[in-house]
Peer 1: 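The structure's right below; bear with me while I get my questions together.
Just so we're on the same page: letters track the sequence lines, and every chain starts at 1.
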Number of protein chains: 2
Amino acid sequence: MDTQADILKRNGMSITESRKKILELFLESDGALAHADIERNTHTAFDRVTVYRTLQTFVEKGIIHQIPTTDNSILYALCRQSCAQGHHHDNHVHFICTQCDRTICLDDVTVPGVKLPGGFKPSQSAMVVTGVCKDCQ
Amino acid sequence: MDTQADILKRNGMSITESRKKILELFLESDGALAHADIERNTHTAFDRVTVYRTLQTFVEKGIIHQIPTTDNSILYALCRQSCAQGHHHDNHVHFICTQCDRTICLDDVTVPGVKLPGGFKPSQSAMVVTGVCKDCQ
DNA sequence: AAGTTTTTGCAACATTATTGCAAAAAACTT
DNA sequence: AAGTTTTTTGCAATAATGTTGCAAAAACTT
């Protein structure tokens, strides 16, 4: 089993309080987190800038990935299964629950292929599905 | 054929300079536009607030729709074919070209269904495909 | 053309994000 | 374990982005 420190070390990052804490938040949460969520959950124990930089580093190292939103914010999610193996995150399906408002990363669902008009060469596709999640039925 | 004024009037909006001009930008552009693009293209002839409010009104009236992005911005796009008839915009496929960096709204492509884990009830789905567009091959 | 309604622009403010730099912490070396 | 190097943090300053109230201006109505 992996401690936060293990994950950080394995990905070539120095082990610091802020990184351990923020990683812990992701591991505890079952949904995606926005910058604001992290600020709230750490009670601003860390500087705003540190949070920005930590998130950026995590994305660069491939520990978390960004989820596109339509409300001028970025959601970040950690993928337990697949991302742990260090693969690409680009073909995930994300599910936004209209009931509990969580965004869930459906790791094991594959994005279906789509037929594009002539001339368009796709390389990656992302999908955002809205609806009611399994806990809110 | 439709002038900008016609479109505005048909959708129950007063006809003003800013609205005509911003609508013109969308009609001329073949990609999606961000708030910043509009500011740039109008050489800030209109107040920042007016642009925000105009975009908001256009979204409410269904003339344009928002495209989720991963970079803390919102892209707005006008859908020529389908949106003109006033239908829902939620199942569009959007294509981001890595070459010319444009975001194109593929009006006539239907988002394919996706098989979700048990308990998840989908209501809408959006898809963002990255790749090379037909003009950049 | 006068009255009514809607829209605009300004000002002020709030939120969110970025950069440089010195101090602090972590990692590394011996 | 102490000293050196490297990385990270936090502060300050700044920039960019978004929102609200309100009076003036413009657009609509008759």
Side-chain angles (χ1 to χ4, degrees), chain A residues 3-26 32-76 103, chain B residues 3-26 32-76 103:
Chain A
T3 64
Q4 286 93 308
D6 290 336
I7 297 175
L8 292 172
K9 182 177 276 181
R10 173 151 31 88
N11 286 278
M13 283 179 271
S14 298
I15 297 165
T16 67
E17 278 311 305
S18 50
R19 286 177 183 168
K20 276 191 289 185
K21 179 63 186 169
I22 292 174
L23 186 49
E24 188 188 319
L25 284 180
F26 276 109
L33 298 174
H35 176 97
D37 296 321
I38 293 165
E39 292 252 292
R40 202 175 310 115
N41 280 299
T42 55
H43 303 286
T44 63
F46 310 107
D47 192 272
R48 187 171 188 65
V49 180
T50 301
V51 177
Y52 281 118
R53 291 198 268 229
T54 302
L55 288 172
Q56 189 184 309
T57 306
F58 282 6
V59 170
E60 280 163 8
K61 298 291 183 180
I63 291 183
I64 60 176
H65 65 277
Q66 301 173 308
I67 302 173
T69 66
T70 199
D71 71 333
N72 238 313
S73 75
I74 303 181
L75 284 177
Y76 299 87
T103 297
Chain B
T3 64
Q4 285 94 306
D6 290 337
I7 298 176
L8 292 172
K9 181 177 277 179
R10 172 150 31 88
N11 286 279
M13 283 180 271
S14 298
I15 297 165
T16 67
E17 278 310 304
S18 50
R19 286 177 182 167
K20 277 191 288 182
K21 179 62 186 169
I22 293 174
L23 186 48
E24 187 188 321
L25 284 180
F26 276 109
L33 299 174
H35 176 95
D37 295 320
I38 292 165
E39 293 252 294
R40 204 175 308 116
N41 280 299
T42 55
H43 303 286
T44 63
F46 310 107
D47 193 272
R48 188 173 188 62
V49 180
T50 301
V51 177
Y52 281 118
R53 291 199 268 226
T54 301
L55 288 172
Q56 191 184 308
T57 306
F58 281 6
V59 169
E60 281 163 7
K61 298 292 183 179
I63 291 185
I64 60 176
H65 64 277
Q66 300 175 308
I67 303 172
T69 66
T70 199
D71 71 333
N72 238 312
S73 75
I74 302 180
L75 285 177
Y76 300 87
T103 297

Peer 1: May I ask you to verify if any side-chain N or O of N72(B) is less than 4.0 angstrom from the OP1 or OP2 atom of dT17(D)?
Peer 2: no

Peer 1: Describe, as an angle rounded to 10 degrees, how the axis at the first end of the helix from dA1(C)-dT30(D) to dT30(C)-dA1(D) is tilted relative to the axis at the last end, five pairs per end.
Peer 2: 40°

Peer 1: Which part of the nucleic acid does R19(A) contact within heavy-atom distance under 4.0 Å: base, sugar-phosphate only, or nothing?
Peer 2: sugar-phosphate

Peer 1: If you only use heavy atoms from C-beta on, which nucleotide in dC28(D), dA11(C), dG10(D) is closest to the side chain of T50(A)?
Peer 2: dG10(D)

Peer 1: Can you check whether I38(B) reaches L55(B) side chain to side chain, under 4.5 Å on heavy atoms?
Peer 2: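 Touching, per the 4.5 Å side-chain cut-off.
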
Peer 1: How many Å lie between CD1 on I38(B) and C1' on dT17(D), as a whole number?
Peer 2: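 Taking CD1 of I38(B) and C1' of dT17(D), I get 14 Å after rounding.
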
Peer 1: Whole Å only: how far is the CD atom of Q56(A) from the P atom of dT8(D)?
Peer 2: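 Atom CD in Q56(A) sits about 12 Å away from atom P in dT8(D).
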
Peer 1: Go through dA27(D), dT8(C), dT8(D) for me and flag the one nearest to the T16(A) side chain.
Peer 2: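 Nearest to the side-chain atoms of T16(A), counting from C-beta on, is dT8(D).
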
Peer 1: Can you find an N or O donor on one side and an acceptor on the other, under 3.5 Å apart, linking the side chain of R53(B) with the base of dG9(C)?
Peer 2: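 Check passes, donor-acceptor contact within cut-off.
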
Peer 1: Rounded off to whole Å, could you give me the NZ-to-C1' distance for the K9(A) and dT8(D) pair?
Peer 2: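 Whole-Å distance recorded here is 17 Å.
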
Peer 1: Rounded to whole angstrom units, what separation is found between the CZ atom of R10(A) and the C1' atom of dA27(C)?
Peer 2: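 It works out to 19 Å between those atoms.
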
Peer 1: Just how far, in rounded Å, is C1' of dT8(D) from CD of E60(A)?
Peer 2: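 Result: 14 Å.
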
Peer 1: In whole angstrom, what separates D37(B)'s CG from dT17(D)'s P?
Peer 2: 11 Å

Peer 1: In this structure, how many angstroms lie between the P atom of dT17(D) and the CD1 atom of I74(A), rounded?
Peer 2: 13 Å

Peer 1: Counting side-chain heavy atoms from CB outward, which of dT17(D), dC10(C), dA17(C) is closest to Y52(B)?
Peer 2: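 When the side chain of Y52(B) is considered, dT17(D) is the closest of dT17(D), dC10(C), dA17(C).
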
Peer 1: How long is the line joining CZ of R48(A) and C1' of dA12(D), in whole Å?
Peer 2: 15 Å

Peer 1: Base, sugar-phosphate, or nothing: which does S18(B) touch, judged by heavy atoms less than 4.0 Å apart?
Peer 2: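 Result for S18(B) = sugar-phosphate.
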
